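Here is the structure we will look at.
This is a predicted model, so every value here is computed, not measured. Residue numbers begin at 1 in each chain, while the letters A, B, ... track the order of the sequences.
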There are 2 protein chains.
Amino acid sequence: MLRSYAMTEDRQISIALPTIRRLPMYVAVLEKALQDGQTHASSSQIAGALGLESIQVRKDLAAVGVVGQPGVGFPVGELIAAIEKSLGWDNASDAFVIGAGHLGTALAGYRGFARYGLNIVALFDSDPAKVGQTVHGKKILPMEKFADLVARLHVRIAILTVPAEAATESAALAAEAGIKALWNFTPTKLAPIDGVIVERVDLAASLAVLSSRLASLVGASGATRAQAADEPESEV
Amino acid sequence: MLRSYAMTEDRQISIALPTIRRLPMYVAVLEKALQDGQTHASSSQIAGALGLESIQVRKDLAAVGVVGQPGVGFPVGELIAAIEKSLGWDNASDAFVIGAGHLGTALAGYRGFARYGLNIVALFDSDPAKVGQTVHGKKILPMEKFADLVARLHVRIAILTVPAEAATESAALAAEAGIKALWNFTPTKLAPIDGVIVERVDLAASLAVLSSRLASLVGASGATRAQAADEPESEV
DNA sequence: CTGTATTCGATATACTTTTATCGATATGTG
DNA sequence: CACATATCGATAAAAGTATATCGAATACAG
Ligand SMILES: NC(=O)c1ccc[n+]([C@@H]2O[C@H](COP(=O)([O-])OP(=O)(O)OC[C@H]3O[C@@H](n4cnc5c(N)ncnc54)[C@H](O)[C@@H]3O)[C@@H](O)[C@H]2O)c1
Ligand SMILES: NC(=O)c1ccc[n+]([C@@H]2O[C@H](COP(=O)([O-])OP(=O)(O)OC[C@H]3O[C@@H](n4cnc5c(N)ncnc54)[C@H](O)[C@@H]3O)[C@@H](O)[C@H]2O)c1
């Protein structure tokens with residue numbers, strides 16, 4: 001029974017990436033189940049809520065080390081705890097935002113991150129006009145203070161929202177300051193940096209999937225759009 | 001030679017999803033090559049710039065139907081055009097933003113989308129206080145006008161940036177108005193809607209990858225962080 | 001023109017991820 | 001307690017992706 005909380009690090013490393021990407025969805029569903037007073041949830045119930053196959057849910061949950069009960073399902077609370085442990089969401093991590101522009105301030109104000117164990121502490125910007133301002137209760141500080149504060153506060157995560165051209169330079173600066181993980185929102189593909197994990201949020205990739213599916217849809221059953229495409233487009 | 005531009009729709013549909021996700025990176029690299037005056041680029045050159053294997057680049061490019069020349073490489077201009085065609089980025093699509101909050105306005109102001117064939121025309125919001133404002137030169141309109149304008153302007157794409165609770169409702173409204181593709185930035189997993197493509201930007205999934213890798217890194221070579229973890233964390 | 005270095009693309013192989021099958025365990029009803 | 005139903009987990013199969021190999025085409029230097 002306690003094997004579900006086993007902490008052998010080697011297993012955590014070996015969880016398949018697609019599985020890791022799905023884990024947050026499970027947490028969301030399970031928390032809803034918990035609120036409804038459920039102590040257990042079956043793989044088919046979870047799968048149904050997420051549009052997945054139950055077998056995949058079982059495999060994913062097996063990967064985080066929780067054992068279910070035949071005829072009953074998986075223990076909800078235990079499951080949430082195990083997933084959050086796998087993801088390192090069990091104790092919150094502080095993070096700095098580099099680039100207090102539109103996206104950076106939006107992220108800094110996003111309350112949803114608290115649930116993911118992410119705590120944005122402050123923003124940094126090279127623009128003197130922005131430094132000193134406060135957004136969503138968080139200060140915008142000058143880049144000069146970055147390295148010092150990373151060390152003092154033991155911040156490991158930096159969120160990169162600078163212009164594309166400044167990305168490489170900012171990443172190098174962050175790495176040198178001791179940042180261990182970079183969440184890169186810029187379209188710049190960073191070269192690997194020794195000892196630094198880089199995860200990129202690639203909106204272009206996401207949009208590519210959307211628009212290519214849309215394009216092939218038009219091509220396939222063109223009837224729907226064909227008529228509209230003939231009419232001239234007007235402006236607002 | 002002209003086979004590279006073949007427009008048989010059935011091929012477009014069959015491009016593997018991981019390949020589609022990589023296509024935008026190729027476009028970025030190729031445009032840089034074009035600026036440098038290159039007429040051809042080899043798979044190994046492209047791979048080197050992106051940290052990929054050359055064989056994967058060749059396979060991906062074969063999927064969009066462009067043929068390279070042995071000893072020379074791939075024709076840059078032709079390649080860009082073919083990729084953009086595959087993605088439906090060859091002629092820009094208009095889009096509406098639903099939810100003119102922090103994220104919605106950031107997206108509306110993002111100039112990078114122009115390159116991806118996406119043109120945000122206007123924003124919509126249910127909050128009367130926001131309606132009438134202009135952000136980045138784009139109007140915030142009331143939801144009541146949404147359906148009519150979708151029809152009048154033949155808008156097929158809506159970008160969902162409403163609060164999580166409003167996502168399902170907004171999606172249904174968009175679908176009813178005739179929207180064909182939803183780019184969903186909310187954490188809500190939408191149920192499939194008939195005739196509507198939904199692509200989700202899942203920040204939680206991305207963060208999960210980042211933080212789980214960070215967590216396993218700490219577990220593995222704990223030395224680096226162990227010392228820091230012992231010290232009490234101070235505040236800004 | 002000959003030899004060497006590039007490079008592509010077809011085919012084959014290896015690897016990863018998803019899905020299927022099925023026996024074993026649990027619940028609850030009559 | 002017998003039996004129908006639900007559920008899990010181990011193993012196997014299938015599908016999807018990435019990588020390796022190698023012959024053929026091209027460029028170019030000598
Ligand atoms: N806005 C979006 O919706 C969106 C979407 C996808 C990707 N992005 C990417 O995110 C990044 C930020 O976008 P944005 O719209 O917030 O841009 P922005 O111009 O609003 O913000 C960039 C901020 O970075 C600061 N900055 C510039 N150079 C810096 C440096 N060297 N060090 C520290 N700070 C620096 C600027 O002063 C500015 O405040 C860009 O790379 C953009 O491509 C943005
Ligand atoms: N801010 C971020 O960095 C961030 C990051 C990831 C995901 N998200 C998600 O994006 C969404 C928007 O985030 P945000 O920070 O911009 O929130 P926000 O509160 O700033 O903006 C939401 C906007 O939607 C409007 N709205 C509410 N209900 C509506 C309805 N029924 N129809 C039309 N408009 C409606 C509100 O008036 C508001 O302007 C949320 O679902 C959030 O979870 C945000």
At a heavy-atom distance below 4.0 Å, what parts of residues 32-48 of chain B sit against DNA chain C? B/Ser42, B/Ser43, B/Ser44
Protein-nucleotide distance (A/Arg21, atom CZ; C/dT17, atom C1'), rounded to Å: 12 Å
Checking B/Arg213 side chain against A/Val198 main chain: does a donor-acceptor pair fall under 3.5 Å? yes
Has A/Thr19 got a side-chain atom pairing as donor or acceptor with A/Asp60's backbone, closer than 3.5 angstrom? no
Of the options C/dA20, D/dA18, D/dT17, whose atoms approach the side-chain atoms of B/Ala16 most closely? D/dT17
How long is the line joining CD of A/Gln56 and C1' of C/dA20, in whole Å? 13 Å
Rounded to whole angstrom units, what separation is found between the NZ atom of A/Lys59 and the C1' atom of C/dT21? 13 Å
Would you say B/Thr188's side chain and B/Ala164's backbone share a donor-acceptor pair under 3.5 angstrom? yes
Using whole Å, what does the distance between atom C1' of nucleotide D/dG9 and atom CG of A/Asp60 come to? 14 Å
Residues two or more places apart in sequence or in another chain: which of them pass side chain to side chain contact (heavy atoms under 4.5 Å, CB included) with B/Ala177? B/Phe146, B/Ala147, B/Val150
Do A/Val121 and A/Phe96 have side-chain heavy atoms sitting under 4.5 Å apart? yes
Treat primed atoms plus P, OP1 and OP2 as sugar-phosphate and everything else as base, then score nucleotides 25-30 of chain D 5' to 3': B for base contact with protein heavy atoms under 4.0 Å, S for sugar-phosphate contact only, - for none. BBS---
Side-chain atoms of B/Arg22 come closest, of D/dA18, C/dT19, D/dG9, to D/dA18
note: A/Ile15, atom CD1; C/dT16, atom P; distance rounded to Å ~ 16 Å
B/Ile55 CD1 to D/dC22 C1', in whole Å, measures 11 Å
Can you confirm whether more than 12 heavy atoms, excluding those of A/Glu31, are under 6.0 Å from its CD atom? yes
What is the distance from CG of A/Leu17 to C1' of D/dA18, rounded to the nearest Å? 15 Å
Is any side-chain nitrogen or oxygen of A/Arg58 closer than 4.0 Å to OP1 or OP2 of D/dG9? no
Whether the side chain of B/Ser54 engages the backbone of B/Ala47 through a donor-acceptor N/O pair (distance < 3.5 Å, no angle test) should be reported. no
Report the nucleotide, chosen from C/dT17, C/dC8, C/dA10, that has the shortest atom-to-atom distance to any side-chain atom of B/Phe74. C/dC8
For the backbone of B/Gly99 and the side chain of B/Thr161, can you confirm whether one donor and one acceptor N or O come within less than 3.5 Å of each other? yes
Mark yes or no for whether B/Arg200, through its side chain, and B/Pro187, through its backbone, hold a donor-acceptor pair below 3.5 Å. yes
Rounded distance (Å) that lies between atom C1' of D/dA18 and atom CG of B/Leu61: 15 Å
